[in-house]
Amino acid sequence: MKKIFSLTNKYIILATPLILFSLISGIYLTVSAAGKVINLLIAIILFTFMLAAFIAGWFNMIKFAVKDGYDDDPNALIKEFTPGVGEYFLPSLGSILVIIAVSLIIMFASYYAGLKLIGDPGITGEAFSKAMESAEALKLFLTSLSTEQLSKLNMWNFLLLGSISATYLFLILYLPVIFFKNKNPFLAFFVSLKDLFGRHILKTIGVYIAVLGANFIISIISALFSGNLILHFFITLLNFYYIVLAGIGVFYYYNNTFIESHLGKIIDKTV
């Protein structure tokens, strides 16, 4: 853990493309939100290409920081962004499609499992949407529900949380596999599952819990201080720092556990 913090502080330049992408993509999506359906579709496609380019360049920077690094000038790491886009753009684009497909499969499987095991709570989408308009509306909505409906709603919430957690778990090693082992985004997914459920599964789950737990804590802090602009600004910076830390942490863990320890042995791809 000390090494991961050390790498994060050393290569804090990683936060620069992350912040720039967040700002640019946020502005782009806001501007593109209005208009005809065809314009919205084109905007989504272009955003997907933007996201793929960012994933390719940014994670290539993380890979270089973990494996090689710049001892004399850490800020020179930014030079690895453009080569990363050239080398990993198509694999990153494919990874977005795989991530969407896996998320949808788990979501639909959870939905049908919920209908079978929990049942329909009898709440319309319109009623739920109106309840989200304000805290008072939500309070009135909850008090109008029966005990059985509240019980089912709580179980659906736990199912949703479990589905999201399962999706994150299945995908935690996915991008490291693409950048370290196999550039084929479809084969890489199955390689990541093999690594996930291999002999290091408990260690990997520990990393997953640490990443998810830290994200949960930061989300709660952000929600608590959302009304204070100054504190919210610093929490936003903390969130960017956490994302860099998590990216380096997962890649560092994967490199040490699945790459460096297997050098000289037969693995999924020669390193």
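Counting begins at 1 with the first residue of the sequence.
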Q.
Suppose we screen for ring pair (Phe, Tyr, Trp, His ring centres under 6.0 Å). Which residues come up paired with Phe21, at least two apart in sequence or across chains?
A. Phe54
Q: Using the salt bridge (charged side-chain N to carboxylate O under 4.0 Å, His left out) rule, collect all pairs that involve residues 214-228, keeping only residues at least two apart or in two chains.
A: none
Q. Closest approach of Pro176 and Val250, non-hydrogen atoms and distance?
A. CG-CG1, 3.8 Å
Q. Are there more than 12 heavy atoms of other residues, nucleotides or ligands under 6.0 Å from atom CZ of Phe158?
A. no
Q.
In this structure, would Val102 and Ile100 fall into the same cluster of hydrophobic residues linked by side-chain contacts under 4.5 Å?
A. yes
Q: Under the side chain to side chain contact (heavy atoms under 4.5 Å, CB included) rule, what do Ile248 and Phe5 come out as? Steps first, then yes or no, please.
A: CA-CA 9 Å; Ile248 287 180; Phe5 274 101; over 6 Å; no
(Q) Tell me whether the rings of Phe59 and Phe251 are parallel (<30°), tilted (30 to 60°) or perpendicular (>60°). (A) parallel
Q: For the residue pair Tyr174 and Leu193, establish whether any side-chain heavy-atom pair is separated by less than 4.5 Å.
A: no
Q: With sequence neighbours excluded, give me every side chain to side chain donor-acceptor pair (under 3.5 Å) pair touching residues 96-112.
A: Ser110-Ser163
Q. Can you list every salt bridge (charged side-chain N to carboxylate O under 4.0 Å, His left out) pair that touches residues 99-120, not counting sequence neighbours?
A. none
Q. Going by heavy atoms in the side chains, are Trp58 and Ile62 under 4.5 Å from each other?
A. yes
**Q.** Side chain to side chain, Val244 and Phe240, heavy atoms closer than 4.5 Å
**A.** no
Q: Write down the atom of Phe186, the atom of Phe190, and the distance for their closest heavy-atom approach.
A: O-CD1, 3.2 Å
Q. Just wondering, do Asp195 and Lys181 contact through their side chains at under 4.5 Å, heavy atoms?
A. yes
Q | Residues forming a side-chain contact (heavy atoms from CB on, under 4.5 Å) with Leu153, sequence neighbours excluded | A | Ile123, Leu142, Leu145, Asn157
Q) Nearest heavy-atom pair of Ile78 and Pro17: which atoms, and what distance? A) CD1-CD, 4.1 Å
Q. Mind checking whether Leu159 and Met155 have side chains closer than 4.5 Å, heavy atoms only?
A. no
Q. Can you name the closest pair of heavy atoms from Phe225 and His232 and give their distance?
A. O-CB, 3.7 Å
Q. From Trp156 CH2 over to Ser151 OG, what is the distance, rounded to the nearest 0.5 angstrom?
A. 13.0 Å
Q.
Are Phe108 and Leu160 linked, directly or through intermediate hydrophobic residues, by side-chain heavy-atom contacts shorter than 4.5 Å (ILVMFWY only)?
A. yes
Q: Give, for atom CZ of Arg199 and atom OG1 of Thr204, the distance between the pair rounded to the nearest 0.5 Å.
A: 11.0 Å
Q: Could you tell me whether Tyr28 and Phe47 have their ring centroids closer than 6.0 angstrom?
A: no
Q | Linked, directly or transitively: Tyr168 and Ile178 (ILVMFWY side chains, under 4.5 Å) | A | yes
Show the atom names and distances, to 0.1 Å, of all donor-acceptor pairs under 3.5 Å that link a side chain in residues 81-97 to residues at least two apart or in another chain.
| unit_1 | atom_1 | unit_2 | atom_2 | d |
| --- | --- | --- | --- | --- |
| Glu87 | OE2 | Lys183 | NZ | 2.7 |
| Tyr88 | OH | Lys63 | NZ | 3.0 |
| Tyr88 | OH | Phe179 | O | 3.4 |
| Ser92 | OG | Ala56 | N | 3.4 |
| Ser92 | OG | Tyr88 | O | 2.7 |
| Ser95 | OG | Ser92 | O | 2.6 |

Q: Using the rule that two of Ile, Leu, Val, Met, Phe, Trp, Tyr join whenever any of their side-chain heavy atoms come within less than 4.5 Å, decide whether Leu18 and Ile235 are in one cluster.
A: no
(Q) Show me the pairs that pass side chain to side chain donor-acceptor pair (under 3.5 Å) and involve residues 8-26, at least two apart or across chains. (A) Asn9-Tyr241, Lys10-Asp71
Q | Exam field: side chain Tyr254 to backbone Leu175, donor-acceptor pair closer than 3.5 Å | A | no
(Q) Restricting to side-chain contact (heavy atoms from CB on, under 4.5 Å), what partner residues turn up for Ala76, sequence neighbours left out? (A) Tyr70, Asp73, Lys79
Q) Which residue pairs satisfy the salt bridge (charged side-chain N to carboxylate O under 4.0 Å, His left out) criterion with at least one member in residues 156-168, sequence neighbours excluded? A) none
Q) Within a strict 4.5 Å, meaning less than it, do heavy atoms of the Phe189 and Ile99 side chains meet? A) no
Q | Spacing of CG belonging to Leu14 relative to CG belonging to Asn75, to within rounding of 0.5 Å | A | 10.0 Å
Q: Return each pair, listed once, that meets salt bridge (charged side-chain N to carboxylate O under 4.0 Å, His left out) where at least one residue sits in residues 143-171; pairs must be two or more places apart or across chains.
A: Glu148-Lys152
Q. Got a sec, which residues hit side-chain contact (heavy atoms from CB on, under 4.5 Å) with Ile230, two or more places apart in sequence or on another chain?
A. Asn228, Phe234
Q. What closest approach, in Å, do Tyr252 and Leu7 show between heavy atoms, and which atom pair accounts for it?
A. CD1-CD1, 3.8 Å
Donor-acceptor contacts under 3.5 Å from residues 205-224 side chains, at least two apart:
| unit_1 | atom_1 | unit_2 | atom_2 | d |
| --- | --- | --- | --- | --- |
| Tyr208 | OH | Ser165 | O | 2.6 |
| Ser219 | OG | Asn215 | O | 2.8 |

Q) Given the rule that I, L, V, M, F, W and Y join up when any side-chain heavy atoms are under 4.5 Å apart, are Ile106 and Leu104 in one cluster? A) yes
Q: Could you tell me the separation between the NE2 atom of His200 and the OG1 atom of Thr257, rounded to the nearest 0.5 Å?
A: 6.0 Å
